[in-house]
Amino acid sequence: MTGLLGAPAAEHLGHPPDPDPGVGMYGRLMALLDRAGADYRVIDHAPEGRTDLASELRGHRLEMAAKCMVLRVRGKDGGGHHVLAVVPGHRRVDLRRVRKLYGGSDATLGDREEAERLTGCVSGCVIPFSFDERLPVVVDANLLVHEEIYFNAARLDRSLALRTVHYISLSAPRIAAIAK
């Protein structure tokens, strides 16, 4: 497999040792996948947070990438909550659909600091899983038509190719048409 400019992207079956194993979101994610016996591949590549460029480095079609964004949905009563929206890499989140889905009066992209706190990931490598009960996951059904999905593994320099059936069973997302 090669990345941009012909540079090789390293691919592993199972996960290679992390410089800081078991600590942080990468460690939590890998522990979850390993405990469940999930079928995945680790792909090391140059650091990249943009979905289109990371997809090129990983060597797959953009529509197979899980683009993840934390949204804030304001309630009609003035309150609100956050949602982790996951859409195919070539699509955008339809904020109107997310607002309607959650019965809100407004939906906006979440504040970067709050998103990083809720996900445990820096911007550009948010994973399509939530380990915070205050952050439900909603995924666009069009992402789930592929045998595998790809995403940065809570690191800008490492990604996963995960079988979609394992993603669905482990993340238990709400599935809805949220992309445009």
**Message:** Can you tell me how far apart CG (L143) and CD (E63) are? Round to the nearest 0.5 Å.
**Reply:** 10.0 Å

**Asked** Are V122 and V70 connected, step by step, through hydrophobic side chains (Ile, Leu, Val, Met, Phe, Trp, Tyr) whose heavy atoms are closer than 4.5 Å?
**Response** no

**Message:** So which atom in H45 and which in I43 form the shortest heavy-atom distance, rounded to 0.1 Å?
**Reply:** CD2-O, 3.4 Å

**Prompt:** Would a 4.5 Å heavy-atom cut-off, applied to side chains only, mark E116 and S123 as touching?
**Reply:** yes

**Prompt:** Going by atom types alone, do R58 and S159 pair a side-chain donor with an acceptor below 3.5 Å?
**Reply:** yes

**Message:** Taking the side chain as everything from C-beta on, heavy atoms only, tell me whether E147 gets closer than 4.5 Å to T164.
**Reply:** no

**Asked** Counting N and O atoms only, with roles assigned by atom type, does the side chain of H60 sit under 3.5 Å from a partner on the main chain of I149, one being a donor and the other an acceptor?
**Response** no

**Request:** First locate atom CZ of R28, then atom SG of C121, and finally report the distance between them rounded to the nearest 0.5 Å.
**Result:** 10.0 Å

**Request:** Say whether V165 and L144 are linked into one hydrophobic cluster, either directly or through other cluster members, by side-chain heavy-atom distances under 4.5 angstrom.
**Result:** no

**Prompt:** Would you call E148 and R41 a salt bridge, using N to O less than 4.0 angstrom?
**Reply:** yes

**Inter-residue atom distance R72.CZ - L118.CG, 0.5 Å rounding** = 10.0 Å

**Request:** Of all the heavy-atom pairs spanning A54 and N152, show the shortest one and how long it is.
**Result:** CB-OD1, 4.0 Å

**Request:** Working to the nearest 0.5 Å, report the span between CE of M64 and NE2 of H146.
**Result:** 6.0 Å

**Request:** State, to 0.1 Å, how close I127 and A153 come at their nearest heavy-atom pair, and which atoms those are.
**Result:** CG2-C, 3.9 Å

**Message:** Exactly one of P128, C125, S55 should register a side-chain contact (heavy atoms from CB on, under 4.5 Å) with F151. Which one does?
**Reply:** P128

**Request:** For the pair Y167 and F129, name the ring-plane relationship: parallel under 30°, tilted 30 to 60°, perpendicular over 60°.
**Result:** perpendicular

**Request:** Kindly confirm or rule out a cation-pi arrangement of R155 over Y26, judged by NZ or CZ under 6.0 Å from the six-membered ring centre and within 45° of its axis?
**Result:** yes

**Message:** Let me confirm one number: the CG-SG distance from L84 to C68, rounded to the nearest 0.5 Å.
**Reply:** 5.5 Å

**Request:** Output the rest of the hydrophobic cluster of V87: all Ile, Leu, Val, Met, Phe, Trp and Tyr residues reachable through side-chain heavy-atom contacts under 4.5 Å, sorted by chain and number.
**Result:** M69, L71, V73, V83, V93, L95, V98, L101, Y102, L109, V138, I178

**Message:** Using every non-hydrogen atom in the two residues, find where V137 and S130 come nearest and quote the distance to one decimal.
**Reply:** CG2-CB, 3.7 Å

**Message:** I'd like to know if V145 and V139 are part of one continuous hydrophobic network [Ile/Leu/Val/Met/Phe/Trp/Tyr, side-chain heavy atoms within less than 4.5 Å].
**Reply:** no

**Message:** Quick test of your reading of the model: are D106 and R74 salt-bridged, counting only N-O distances below 4.0 Å?
**Reply:** yes

**Message:** For a 4.5 angstrom cut-off between non-hydrogen side-chain atoms, does L33 reach L170?
**Reply:** yes

**Item:** Atom CZ of R174 with >12 non-hydrogen neighbours under 6.0 angstrom
**Value:** yes

**Message:** Return the NE2 to OG1 distance between H82 and T119, rounded to the nearest 0.5 Å.
**Reply:** 11.0 Å

**Request:** Indicate yes or no: at least one non-hydrogen side-chain atom of F131 is less than 4.5 angstrom from one of M25.
**Result:** yes

**Message:** Do L156 and L57 sit in one hydrophobic cluster, given that two such residues count as connected whenever their side-chain heavy atoms are within less than 4.5 Å of each other, even indirectly?
**Reply:** no

**Request:** Heavy atoms only: give me the nearest H166-G37 pair and the separation to one decimal.
**Result:** CE1-O, 4.4 Å

**Prompt:** Would you find a donor on one side and an acceptor on the other, under 3.5 Å apart, between the side chain of K67 and the backbone of R91?
**Reply:** yes

